[in-house]
Every structure is written in structure tokens, then in C-alpha cells.
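These notes are about the structure you will find just below.
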Amino acid sequence: MHNPSGPGARPRIVVLGTGGTIAGTATGDPTLPGYTAGVLSVDALLEGIPSLSRLAQIHAEQVANLDSKDMEVAVWTRLAERVAHWLAQPEIAACVITHGTDTLEETAYFLQLVQRSHKPVVLTAAMRPATALDADGPQNLLDAVRVAVQPQALGLGVVCVLHGRVHAARDVTKASTHRMDAFTSGERGPLGEVDGDSLRLWRRPDTEPGAPFAIPPADAWPRVEIVLSHAGADGALVRCLVGQSALQPALRGLVVAGTGGGTVHQRLREALQWAEEQGVRVAIASRVGPLRGGAEDGLNAVKLRVRMLVELANSR
Ligand code: SIN
């Protein structure tokens, strides 16, 4: 175990709660399907896993408690500041973050871009609520702490631990709406897997070009929107967006989820060229998955948007 507190003592880990299905509870009526995400506190989640105390001394902090579809950039600012605060303490070995699955990859990649410490930052989530008989949250949280205390996890950057797999923030994406094994790292594959209390590492992640960036203050985030290229895409949405001078914050960038290898309908392309002439930054991703090569290598549209947001916020 990697332990700044010295040999023999259990490492000190901070677990930051943000909500998600992992903290979700089913409706009281057993005849009704469904559940509400982001209900239980992070303290309650930890109390349900007594074996954690064997691995680490844990301090918990609730940063937010929301369904991650409702994630806001102000929460990202707060979360990144808390991670930076805790990892700057010499006695803290790592941060673990509980999160919803829906925007996990966006939060993870944001943290990757602004994270300066070599200490581990490990995100985890669950596909089933905490009240389900077969809840996957406790195992995932236990696995996240198992990874966070490993010396091999130092310098890995921000990782996501889900269903026994360790994924790099840059590569991971949610690929199933229902399977327990809902996340993939695409052609690059996961970094490794959890093997009992140890971490079996298959590769180390690629370094992130240009990072670390400064954490954008909550009121300094620009607006970057995503538009999709599809049959009949005529650029009307782009022309509407660029024409809205009253938008707050102002539109600074557009990410296009193009077809195939990043191709864009010719009428949408004309609108995008006009947007660039108006000073709006444009970047192309693919709606199929991460593009290979170039500055956007390996980034899907939502992550390319996160990168553009952070770059623009840092260039003000
Ligand atoms: C959420 O993203 O907060 C809800 C869905 C989930 O965690 O699986």
C-alpha cells in the first residue's frame, strides 16, 4: 500500500460524494419501478462497507448529491478545488469520488485536465441503486479504494474503477444503458483490473497534452455547445446559436459530432465556417466514437467539449 503516513499505518483516503445511482434509493412502493439518484450521503455508503476500514482510514465529504445528468460546471469547480485541497495535504494518500454513471466520463476528464498531484484520483459509480438486492455500488466503491491505496496508482492520472476494471479518464465512456459492465475504453482498452486487494496494470495512460490547466472559477466558464451532423443537417441550429448575442455566458465554441471519420454535412459545414468568421471556435469529433490522430486524438464529442471549455477558460 502506498502510505504517506508511514509503514504500518493504514493510508488516509478522502472519499468525496457527488450523488448518482450509487447513492440512489428505490421508491417506497415495491410495485413501482424506478429509483431516485443522489439520495444517500457518502457517509451512509461507507457505513455499508465495514471491510473498507481494513484498507484505509477514510474521511468523507459531501461535495454535491445529484443525478449526474444535472451536473453543473460550478460543481466541477468545487469538486476540483476539494480534490486539490486534500491532495496537497502530505498525510492524504488519494481521493476517491462517488458519482453518477451518466456524466462520469465528463467529470473524470475535466479533473484529468486540471489535476496537478501525482496522487491517485479514482472515480466510481453504480448501475443499480444502493437499495437493490444486487447493488453493484458497494463492490465498486471497495474496488476504488483498493486501487487508490496501490503504489502503482501513483502517477496514473484520474481513473475510473467500475465492474472490476480500471479505465483512464481520457478513454472511458458509458456504452450500455443497463449492463453492469456498462463502461468501455474502446480500442485502447482499460488500464487494468482489480484482482482481490491488488491492482493488475496492463498499461499506463497516454499523457494529456498541455495539461494541467488552472481550475476555472465557477463564474468564469464560457459556453461551448455540441451540434450533431445528420441527414438534412442544414446549420440552422448553428446560425441561431451564433445569432443569440444575449446568451449568458456568451457562445465561445462549438463541437461538432460529425459522421464517420469526422465528416460534416456540407450545409452544416457552411454554417460552421460562418460561425468561425464570427469568432466562434469550432472543433470536430465523430458521433461514432473517438477520432484517431491530431489534437483531438481519442476524444469523443463530450470530452472534446470539456477540453475546449477548460482551454477557453484558461485563455481569458
Ligand atoms: C446518474 O448518472 O446520476 C444516474 C445514473 C447512474 O448513476 O447510473
Side-chain angles (χ1 to χ4, degrees), residues 15-29 32-49 60-80 82-83 95-112 121-145 147-148 158-186 190 194 226 300-303 305-306 309:
V15 180
L16 301 167
T18 70
T21 293
I22 193 168
T25 57
T27 61
D29 183 344
L32 292 175
Y35 65 92
T36 308
V39 174
L40 298 178
S41 67
V42 64
D43 282 320
L45 301 187
L46 292 165
E47 277 163 23
I49 319 172
E61 184 176 298
Q62 197 79 47
V63 174
N65 210 356
L66 47 74
D67 186 320
S68 79
K69 72 179 174 56
D70 299 324
M71 183 52 70
E72 299 287 354
V73 289
V75 178
W76 280 353
T77 295
R78 170 96 183 130
L79 182 60
R82 295 314 292 160
V83 169
C95 280
V96 168
I97 300 167
T98 56
H99 199 284
T101 60
D102 285 342
T103 57
L104 179 91
E105 67 202 73
E106 294 175 56
T107 301
Y109 186 56
F110 161 62
L111 292 173
Q112 170 70 28
V121 176
V122 183
L123 284 86
T124 194
M127 291 297 284
R128 294 199 173 131
T131 49
L133 277 179
D134 49 0
D136 50 333
Q139 183 68 52
N140 283 346
L141 184 47
L142 177 61
D143 285 349
V145 173
V147 170
V158 177
V159 297
C160 300
V161 173
L162 302 141
H163 202 67
R165 294 280 197 270
V166 183
H167 300 271
R170 188 181 171 87
D171 302 330
V172 71
T173 194
K174 185 175 178 179
S176 170
T177 56
H178 58 278
R179 284 202 318 264
M180 296 299 95
D181 193 3
F183 286 82
T184 174
S185 285
V194 182
I226 299 176
N300 62 19
V302 291
K303 288 188 196 171
R305 174 178 175 270
V306 171
L309 279 169

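Atoms within a ligand are numbered from 1 in the order they appear, just like the ligands themselves. Remember, predicted model here, so these are calculated numbers, not experimental data.
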message = Can you classify the ring geometry of His167 versus Phe183 as parallel (below 30°), tilted (30 to 60°) or perpendicular (above 60°)?
response = tilted

Could you tell me, for ligand 1, which of its N or O atoms are under 3.5 Å from any protein N or O, listing the pairs and their distances rounded to 0.1 Å?
from, atom 1, to, atom 2, distance (Å)
ligand 1, 2 (O), Ser68, OG, 2.5
ligand 1, 2 (O), Thr101, N, 3.2
ligand 1, 2 (O), Asp102, N, 3.0
ligand 1, 3 (O), Asp67, OD1, 3.3
ligand 1, 3 (O), Ser68, N, 2.6
ligand 1, 7 (O), Thr21, N, 3.0
ligand 1, 7 (O), Thr21, OG1, 2.9
ligand 1, 7 (O), Thr101, N, 2.8
ligand 1, 8 (O), Thr21, OG1, 3.0
ligand 1, 8 (O), Thr101, OG1, 2.5
ligand 1, 8 (O), Ala126, O, 3.3

query = Does any non-hydrogen side-chain atom of Arg82 lie less than 4.5 Å from one of Glu61?
reply = yes

ask   = For Ala125, does its backbone N or O pair with a side-chain atom of Thr101 as donor and acceptor, under 3.5 Å?
value = no

ask   = Does Asp171 use its side chain to pair, donor to acceptor, with the backbone of Pro190 at less than 3.5 Å?
value = no

inquiry  = Using modelled atom types and a 3.5 Å cut-off, is there a donor and acceptor pairing between side-chain atoms of Ser68 and backbone atoms of Thr103?
reply    = yes

note = d(Leu46 CG, Leu141 CG) to nearest 0.5 Å is 5.5 Å

